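All remarks here apply to the structure that follows.
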Protein chains: 2
Amino acid sequence: MDIEKELPMALRAAYLSLHRNSDACFTEFDVTADQFVLMCALQDEKALTQRELAVRITSDPSTVRAMLVLLEDRGLVRRQPHPTDSRAKTVALTATGKRRLKKLIKVGQPIRDCMFGVLSQAESKKLVSLLGKVADSLKDYPSPTAS
Amino acid sequence: MDIEKELPMALRAAYLSLHRNSDACFTEFDVTADQFVLMCALQDEKALTQRELAVRITSDPSTVRAMLVLLEDRGLVRRQPHPTDSRAKTVALTATGKRRLKKLIKVGQPIRDCMFGVLSQAESKKLVSLLGKVADSLKDYPSPTAS
DNA sequence: TATTGTTATACTCTATAACTATA
DNA sequence: TATAGTTATAGAGTATAACAATA
């Protein structure tokens with residue numbers, strides 16, 4: 001098979017198996033894999049604006065808002081007025097959100113163990129590095145609308 | 001940062017940048033990136049049943065059906081009774097579908113060029129191999145409902 | 001009995017465009 | 001003028017469960 005087709009398909013297969021297994025694993029905690037990623041971003045950086053959050057999880061402001069509304073309904077995140085910019089809102093995990101996130105990290109561990117189980121330390125690092133190169137290469141790819 | 005968190009996030013970032021750039025690139029041809037993957041599967045294997053197709057693109061029978069209905073509406077695929085198993089249907093690209101797919105492969109080429117531009121031949125092969133390992137490791141991961 | 005596909009249903013992510021309020 | 005966020009809207013993928021027809 002052509003490597004040109006193989007790499008995109010391999011990327012897709014690997015990502016989807018991670019994503020779907022995570023989704024299935026998180027279902028009973030009423031959180032999706034994408035919502036988990038968003039919550040992880042909030043764990044790292046204490047309080048982000050919605051705009052910053054969109055950049056962080058490589059998504060769209062309106063998509064982020066839709067996700068935040070769902071998480072807010074479940075009491076996992078809180079949005080508050082920004083201290084200096086009154087247009088903006090800061091987003092942070094609630095106490096419940098922090099507890100939930102810890103739980104999710106724990107129950108998702110076997111999945112990550114499974115992935116790392118087939119890779120050596122060196123291979124893991126190599127894989128992260130190569131994936132980073134690929135993602136970077138496409139980061140500023142000209143969109144058709146920009147022409 | 002922890003490699004345990006880094007690999008899943010790197011995988012996500014790389015896949016999403018590929019997927020979204022592809023989607024944007026295919027928009028004017030009225031086909032999504034996921035539909036493109038499905039059409040590619042039909043190019044390789046002449047005629048598949050819906051079930052086989054679901055396995056091939058690692059998706060769900062009902063998801064596949066929803067996608068096929070959309071592609072059928074656009075005149076890109078055709079479903080016909082299976083010659084020997086009258087429960088099943090075979091799915092194949094129409095002539096229009098084949099032409100459209102060729103076009104999509106062509107217009108998507110710059111994206112793949114962009115990815116491969118930052119990788120050596122050896123790195124590309126290594127990446128495909130490592131991604132394959134990861135996907136395989138999760139292929140038969142026990143779902144929570146199976147317990 | 002098991003399997004193929006359909007149907008109904010519901011949820012989530014995605015994205016665009018028009019809008020407001022503020023910087 | 002530019003930016004942060006909202007709203008309305010539409011489309012697409014996802015998955016479960018119940019079902020009919022067939023193997």
Side-chain angles (χ1 to χ4, degrees), chain A residues 12 15-28 30-39 47-55 57-74 76-77 79-91 143-146, chain B residues 12 15-17 19-28 30-38 47-55 57-74 76-77 79-91 143-146:
Chain A
R12 175 186 162 90
Y15 171 73
L16 285 183
S17 58
L18 171 63
H19 190 261
R20 296 209 179 121
N21 277 302
S22 301
D23 253 345
C25 170
F26 294 159
T27 297
E28 64 176 304
D30 213 22
V31 171
T32 68
D34 288 316
Q35 289 165 0
F36 173 70
V37 170
L38 191 156
M39 292 175 75
L48 293 167
T49 65
Q50 297 188 189
R51 204 115 207 148
E52 291 166 335
L53 202 44
V55 173
I57 65 170
T58 54
S59 196
D60 190 273
S62 70
T63 301
V64 167
R65 181 188 177 269
M67 294 175 74
L68 287 176
V69 167
L70 292 174
L71 287 170
E72 217 169 17
D73 289 347
R74 290 159 173 68
L76 302 176
V77 305
R79 287 183 293 169
Q80 288 179 318
H82 192 278
T84 63
D85 185 342
S86 58
R87 291 172 310 180
K89 293 184 179 175
T90 62
V91 188
S143 97
T145 53
Chain B
R12 175 186 162 89
Y15 171 73
L16 285 182
S17 59
H19 191 260
R20 296 209 179 121
N21 277 303
S22 300
D23 254 343
C25 169
F26 294 157
T27 297
E28 64 177 303
D30 213 23
V31 171
T32 68
D34 287 317
Q35 288 165 1
F36 172 71
V37 170
L38 191 156
L48 293 168
T49 65
Q50 298 188 189
R51 202 116 207 148
E52 291 166 336
L53 202 44
V55 173
I57 65 171
T58 55
S59 195
D60 190 273
S62 69
T63 301
V64 167
R65 181 188 177 268
M67 295 176 72
L68 286 176
V69 167
L70 293 174
L71 287 170
E72 217 168 18
D73 288 347
R74 290 160 174 69
L76 302 176
V77 305
R79 288 184 291 169
Q80 289 180 318
H82 191 279
T84 62
D85 184 343
S86 58
R87 292 172 309 178
K89 292 185 181 177
T90 61
V91 187
S143 98
T145 52

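Since we're looking at a predicted model, the values are computed, not measured.
Every residue two or more places apart in sequence or in another chain was checked for a side-chain contact (heavy atoms from CB on, under 4.5 Å) with B/Val55, and none qualifies. Applying the salt bridge (Lys or Arg N to Asp or Glu O under 4.0 Å) test to B/Glu52 and every residue at least two apart in sequence or in another chain returns nothing. Scanning for side-chain contact (heavy atoms from CB on, under 4.5 Å) contacts around B/Ser59 gives A/Arg20, B/Ile57, B/Thr63, B/Val64, with sequence neighbours left out. A/Pro81 pairs by the side-chain contact (heavy atoms from CB on, under 4.5 Å) definition with nothing, not counting sequence neighbours.
To the nearest 0.5 angstrom, B/Gln35 atom CD is 9.0 Å from B/Asp23 atom CG.
The phosphate of C/dA21 has neither OP1 nor OP2 within less than 4.0 Å of any side-chain N or O from A/Ser86.
Among residues at least two apart or in separate chains, salt bridge (Lys or Arg N to Asp or Glu O under 4.0 Å) pairs with a member in residues 80-89 of chain B are B/Asp85-B/Arg87.
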I'd like to compare against my own output: the B/S/- annotation of nucleotides 5-14 of chain D with a strict under-4.0 Å heavy-atom distance to protein. BSB----SSB
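Computed from coordinates, the A/Leu38 CG to C/dC13 C1' distance equals 12 Å when rounded to whole Å. When the C1' atom of C/dC13 is taken as reference, atom CG of A/Leu71 falls 13 Å away, rounded to whole Å. Here the P atom of nucleotide C/dG5 and the NE2 atom of B/His82 are 8 Å apart, to the nearest Å.
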